[in-house]
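Letters go in sequence order (proteins before strands), and every chain restarts at 1.
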Number of protein chains: 2
Amino acid sequence: MPVPPNDARREVATDRAGLDEVDRAILRILAEDARLANNAIADRVGIAPSTCHARIRALRERGVVRGFHADLDPAALGLGLQAMIAVQLSAHTKQQIEAFVRDVPRLPGVVSAFHVAGADDYLLHVAVRDSDALRDFVLDHLTGHPAVRHTETSLIFAHLPGTLTGLGLAD
Amino acid sequence: MPVPPNDARREVATDRAGLDEVDRAILRILAEDARLANNAIADRVGIAPSTCHARIRALRERGVVRGFHADLDPAALGLGLQAMIAVQLSAHTKQQIEAFVRDVPRLPGVVSAFHVAGADDYLLHVAVRDSDALRDFVLDHLTGHPAVRHTETSLIFAHLPGTLTGLGLAD
DNA sequence: AATGAAAGCGGTTAAAG
DNA sequence: CTTTAACCGCTTTCATT
């Protein structure tokens, strides 16, 4: 029987950046529990363990999977306060800006840094012990920095992780 | 020889939320590579595999480790555009606000949502296919929502993960 | 590209220090 | 709390389809 050009079978293979449904199922599982045994993943997605092993290796080599990380609770590490700090840089000091960009991810307390377009240049997500530590962070590393023109700190009440729907892996 | 009250040995045990240096070493390793074999972790931190196993289990039960997750590249999944959307809610509709808060993490494209204090109420980190999808997201899920008063979208040029220094695990 | 078998290695638990 | 020891199960490779 002939296959129409817009047949669903073709979309499964070509859509979604070259990932088939088995790949997406594997990714969904690994995004949720990165320590699940290869055997168990294979079972769940309905392929042999050796096939599953090869698939995961390929996904890693293709860069779809960048790594596997433990998710640590900042509060349990004594970092009870989180904040988002919007940073505006001064426009004229290219070299100082590059220095800022290079150093920011390594500052103590920075969970992640977003380089953004718009009124602000950077958004720094920081986790610190308490409000004293937050003040110290801003004064020691931001306010005094020659590339920094302005900062605005917002306390984070809650940080809700998105579901996998967010990465287009919904079933 | 007597031990002074401020001896370094006491701080190692009592500081840092009850984690000793072995725990912190384990966390550092798991945060970097959550799929490293228990054996290998034990080797690196200088304890027996069974001890390491018990430590990791305890860290999970205490909530220090919340989980293990694969880090997926949104671009490799066909989501080439990321943005941070600042959302201001209307002040008077408590029930609608609760509905918004409940639904936001499940919206397609939301990587994570920050509930913040300040001029904005929420910061939504989203990953989408292209600018069309971004516009659709804002119009379909935010602008039209009764609890949403205002949104401001900033494109994300780069998202730099912080180092482990950020979580107080530096050596 | 997927499979099944086989060999080696790791996870997991129990008992003891 | 840590270790040693032992068993079971998983990972990984490779020949085969």
Side-chain angles (χ1 to χ4, degrees), chain A residues 3 7-72 76-77 169, chain B residues 3 7-72 76-77 169:
Chain A
V3 176
D7 185 68
R9 273 166 282 179
R10 288 200 61 210
E11 290 190 12
V12 165
T14 57
D15 211 3
R16 307 260 193 195
L19 301 172
D20 66 14
E21 285 177 17
V22 174
D23 285 326
R24 299 219 310 281
I26 292 171
L27 293 174
R28 225 178 293 130
I29 291 169
L30 284 175
E32 203 179 296
D33 180 5
R35 270 186 93 85
L36 196 62
N38 179 66
N39 255 348
I41 300 171
D43 260 9
R44 282 217 221 167
V45 305
I47 58 179
S50 52
T51 308
C52 188
H53 191 259
R55 290 255 191 174
I56 293 173
R57 177 187 297 240
L59 288 168
R60 261 163 85 67
E61 281 167 2
R62 288 166 60 189
V64 180
V65 175
R66 289 190 287 216
F68 303 98
H69 305 286
D71 173 31
L72 309 180
L77 296 169
L169 295 172
Chain B
V3 175
D7 185 65
R9 274 168 282 179
R10 288 200 61 210
E11 289 191 12
V12 165
T14 57
D15 211 2
R16 307 260 192 195
L19 301 172
D20 66 14
E21 285 178 16
V22 174
D23 286 326
R24 299 219 310 282
I26 291 172
L27 293 175
R28 224 178 294 129
I29 292 168
L30 284 176
E32 204 178 295
D33 181 4
R35 269 185 96 85
L36 197 62
N38 180 66
N39 257 344
I41 301 170
D43 259 9
R44 283 217 221 166
V45 305
I47 58 179
S50 54
T51 307
C52 188
H53 193 259
R55 290 252 191 176
I56 293 173
R57 176 186 297 241
L59 287 167
R60 261 164 87 66
E61 280 168 2
R62 288 165 61 188
V64 179
V65 175
R66 289 189 287 213
F68 303 98
H69 304 287
D71 172 31
L72 308 181
L77 297 170
L169 295 173

**Selected nucleotide, minimal atom distance to B/Ala48 side chain, candidates D/dT13, D/dT11, D/dT3** = D/dT3

**Message:** Distance check needed: C/dG11 P versus B/His53 NE2, whole Å only.
**Reply:** 8 Å

**Message:** In this structure, how many angstroms lie between the P atom of D/dC1 and the CG atom of B/Asp20, rounded?
**Reply:** 10 Å

**Message:** For the backbone of B/Pro49 and the side chain of B/Asn38, can you confirm whether one donor and one acceptor N or O come within less than 3.5 Å of each other?
**Reply:** yes

**Message:** Regarding B/Arg55, tell me which of base, sugar-phosphate or nothing describes its non-hydrogen contacts under 4.0 Å with the strands shown.
**Reply:** sugar-phosphate

**Request:** Check the distance between D/dC14's C1' and A/Arg57's CZ and give it to me in whole angstrom.
**Result:** 12 Å

**Integer-rounded Å distance: C/dG10 C1' and B/Asp43 CG** = 12 Å

**Message:** Does B/Ser50 contact D/dT4 through a side-chain donor or acceptor facing the base, at a distance under 3.5 Å?
**Reply:** yes

**Test item: A/Arg24 side-chain N/O and A/Leu169 main-chain N/O as donor-acceptor pair under 3.5 Å** = no

**Message:** In the structure I gave you, are the side-chain heavy atoms of A/Leu36 and A/Arg44 within less than 4.5 Å of one another anywhere?
**Reply:** yes

**Message:** From CZ of A/Arg44 over to P of D/dC10, roughly how many Å is that when rounded to an integer?
**Reply:** 14 Å

**Selected nucleotide, minimal atom distance to B/Asn38 side chain, candidates D/dT11, D/dT2, C/dG11** = C/dG11

**Prompt:** Starting at CG of A/Leu36 and ending at C1' of D/dT11, how long is that distance when rounded to a whole Å?
**Reply:** 14 Å

**Request:** Measure from CG on A/Asn39 to P on C/dA5 and round the result to the nearest Å.
**Result:** 14 Å

**Item:** Salt bridge present between B/Asp20 and B/Arg55 (N-O < 4.0 angstrom)
**Value:** yes

**Message:** Can you identify which nucleotide, out of D/dT11, D/dT2, C/dT3, has its nearest atom closest to the A/Ala37 side chain?
**Reply:** D/dT11

**Message:** Keeping B/Arg35 on the side-chain end and A/Gly67 on the backbone end, is there a donor-acceptor pair under 3.5 Å?
**Reply:** no

**Prompt:** Starting at the 5' end of DNA chain C and moving along, which residue's nearest nucleotide shows up first, A/Ile47 or B/Ala40?
**Reply:** A/Ile47

**Message:** Measure CZ/A/Arg62 against P/C/dA1 and give the value in whole Å, please.
**Reply:** 10 Å

